[in-house]
There are 2 protein chains.
Amino acid sequence: MSEHIENETSYSSSHYRTPDGAPADIVIFTITSTERNTGKKTLPLRELQVLLIERKRWPFVGQWALPGGFAKETETIQACAERELEEETGVSGLHIEYFNVYSKPGRDPRGWIISHAFFALVHESLLAERRAADDAADVKLFTAQEALAMNLAFDHNEVLRDALERIRHSMLTTTIAKQFLPEEFTISELYQVIQTVVPEFEEQNFIRKITSTQSRKGLIEEATDQTGQPKMSNRYSQRAAQLYRFTDYVPQLSIYS
Amino acid sequence: MSEHIENETSYSSSHYRTPDGAPADIVIFTITSTERNTGKKTLPLRELQVLLIERKRWPFVGQWALPGGFAKETETIQACAERELEEETGVSGLHIEYFNVYSKPGRDPRGWIISHAFFALVHESLLAERRAADDAADVKLFTAQEALAMNLAFDHNEVLRDALERIRHSMLTTTIAKQFLPEEFTISELYQVIQTVVPEFEEQNFIRKITSTQSRKGLIEEATDQTGQPKMSNRYSQRAAQLYRFTDYVPQLSIYS
DNA sequence: TCAATAGTGTCTCTTAGACATTATGGT
DNA sequence: ACCATAATGTCTAAGAGACACTATTGA
């Protein structure tokens, strides 16, 4: 067997070129809801949005980019990403997930810089507050389609595309929908959130399938008040709708069963 | 909004500490089959194995580690991993997949070294040949359990644990089983491969579910010869078994439907 | 009373899940 | 004839999928 690179590259051989930085970039997703002003109560319009920042320094001055920053030697890449996310939202403990590394030579004019990409799912209320509190014009939400059509800095178009693919897959296979919903939500809200991220998603008998606790093994459960009475909401319609909450059940999928 | 790190860390500020290398480590999985020597034809014993190398240099001299090596400035991390995999197997074009980054401070005594972990799925024939052709004693296959119980170099125990979790999940949700199977295989072979990676997997009516093309949408199809006759195999039993092949159908899973 | 959302009835066909049973063919 | 593997029969209960239908209530 041939020598392994890791043996050849010993501690003393510092004549090898080393990277010029290890950044984390974050695709911050949120779903905004805007009221439709008909006379009647209606379901809001929901849109999948991405937070971008306008660059002020070389390289890519004036272009929009994903937020991010360089990791320090004393922290993990994940910690770096969490720190950046907190800087953008003012809140910690949000859902953040690593999804890919970007290392194409020349991707960053500043040198050999391998970027680590995360996506975060944030409830709109957090970003709305943040934007309101800030008067800088260089941070904005764009719809996913808008952002994809822009000419982003670095290879961020590719990063964003990959992130979208990932979130679409996760939306259908995990319970990340809860990141975009209040603790207690109606079936329509859940359905709308799924459709916002995955427009192709369509289930005629959605309410039936998801509430038939036998097959879904209790993915969601009815919300009740202290007296055990079912909690209802009429924020979107005259007729009140049952509120549900996610349980902690983690569904296991399989193509073979 | 506060300044972003990426703006503060401009091209000229090279006073920041930079990483000392960007390696890729590869968890090379294979499934070995060993004949049971009963008089009768039987299904072979299958085991999930991992390729490890014994380190010859500082750090962790004499300890077992995952194969890997440092990326060059002129290649992507993925290309580096593919190169390493080809060095181990002598073959290119194998299934290789990125799954995580490891960046805990101090994980590598040589410095600030952020490692990128891949897993590869290799048919046993490729590694068997390789081992036979090579007289070095520092490359070996271990069963997954053995490897996990060892004290591996760096944080490779953690990497291996994560890789195992990932491959177990992928085995049930994607068609990676085909990486461990010949082009045409029997239902028992497929079942055995799945069970080797995911011992908990048990389906009473496996053959029925997977061959009922209506629900599985033709995940696999019967292998036939030139005349359209079904191809059979009796390598594991007296009664010949139908051979199947994977189609290119990619199943879409959802917890909501 | 209408609009917009919430939810149920009903039907057919398919699938899940559990077990029992039959098929094959070399040693 | 036996054994290990391959495959089918049969039954029940549950679910998928399609569509029509009823329920609620503020403006």
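Treat the numbers as computed from the prediction; the structure is a model and nothing was measured. The chains referred to below are lettered A, B, ... by the order of the sequence lines, with proteins before strands, and numbering in each begins at 1.
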Out of B/E184, B/E189, B/E35, which residue meets the salt bridge (charged side-chain N to carboxylate O under 4.0 Å, His left out) rule with B/R235?
-> B/E189

Start with the C-alpha distance between A/Y256 and B/Y191, add both sets of side-chain angles, then the distance that settles ring-ring contact (aromatic ring centres under 6.0 Å, His included), and finish with yes or no.
-> CA-CA 10 Å; A/Y256 298 116; B/Y191 190 66; 9.5 Å; no

Output the single nucleotide from C/dA18, C/dG17, C/dG7 whose closest atom is nearest the side chain of B/R208.
-> C/dA18

5'-most contact on DNA chain D: B/E189 or A/S212, nearest heavy atom basis?
-> B/E189

Strand contacts (DNA chain C) in residues 238-257 of chain B, 4.0 angstrom heavy-atom criterion = B/Q238, B/R239

Donor-acceptor pair under 3.5 Å: do we get one between A/N205's side chain and the base of D/dA18?
-> yes

Considering heavy-atom distances to DNA chain C, does A/K40 or A/Y236 have its closest nucleotide positioned more toward the 5' end?
-> A/K40

Name the closest nucleotide to the B/S237 side chain, picking from C/dT5, D/dA6, D/dA4.
-> D/dA6

Send over the distance from A/K209 NZ to D/dA18 C1', rounded to a whole Å.
-> 11 Å

Cationic N near anionic O, under 4.0 Å, A/R83 to A/E87 | yes

Using atom NZ of B/K41 as one end and atom C1' of D/dA4 as the other, report the distance to the nearest whole Å.
-> 11 Å

Take atom OH of A/Y191 and atom P of C/dG7, then tell me their distance rounded to the nearest Å.
-> 15 Å

Is B/R235 near enough to D/dA6 that one of its side-chain N or O atoms lies under 4.0 angstrom from OP1 or OP2?
-> no

Side chains of B/D25 and B/Y102: donor-acceptor distance under 3.5 Å anywhere?
-> no

Round to a whole Å and report the spacing from CD of A/Q192 to C1' of C/dA6.
-> 14 Å

What one should report as the nearest heavy-atom pair of A/N234 and A/K41 is O-NZ, 2.9 Å

Using 4.0 Å as the upper bound for N to carboxylate O, is an ion pair formed by B/K140 and B/E146?
-> no

Atom-pair distance (CG on A/N234; C1' on D/dA23), nearest Å = 15 Å

Could you tell me the separation between the CD atom of A/Q204 and the P atom of D/dA20, rounded to a whole number of Å?
-> 11 Å

State whether the side chain of A/N157 and the backbone N or O of A/N151 hold a donor-acceptor pair below 3.5 Å, judged by distance alone.
-> no

Value in whole Å for how far the P atom of D/dT24 lies from CE of A/M232 | 10 Å

Taking atom P of C/dT21 as reference, at what distance in whole Å does atom CD1 of B/I207 sit?
-> 20 Å

Tell me what A/I187 touches on the nucleic acid: a base, only sugar-phosphate, or nothing, going by heavy atoms under 4.0 Å.
-> nothing

Among D/dG17, C/dT5, D/dT5, which is the nearest nucleotide to the side chain of A/T42?
-> C/dT5

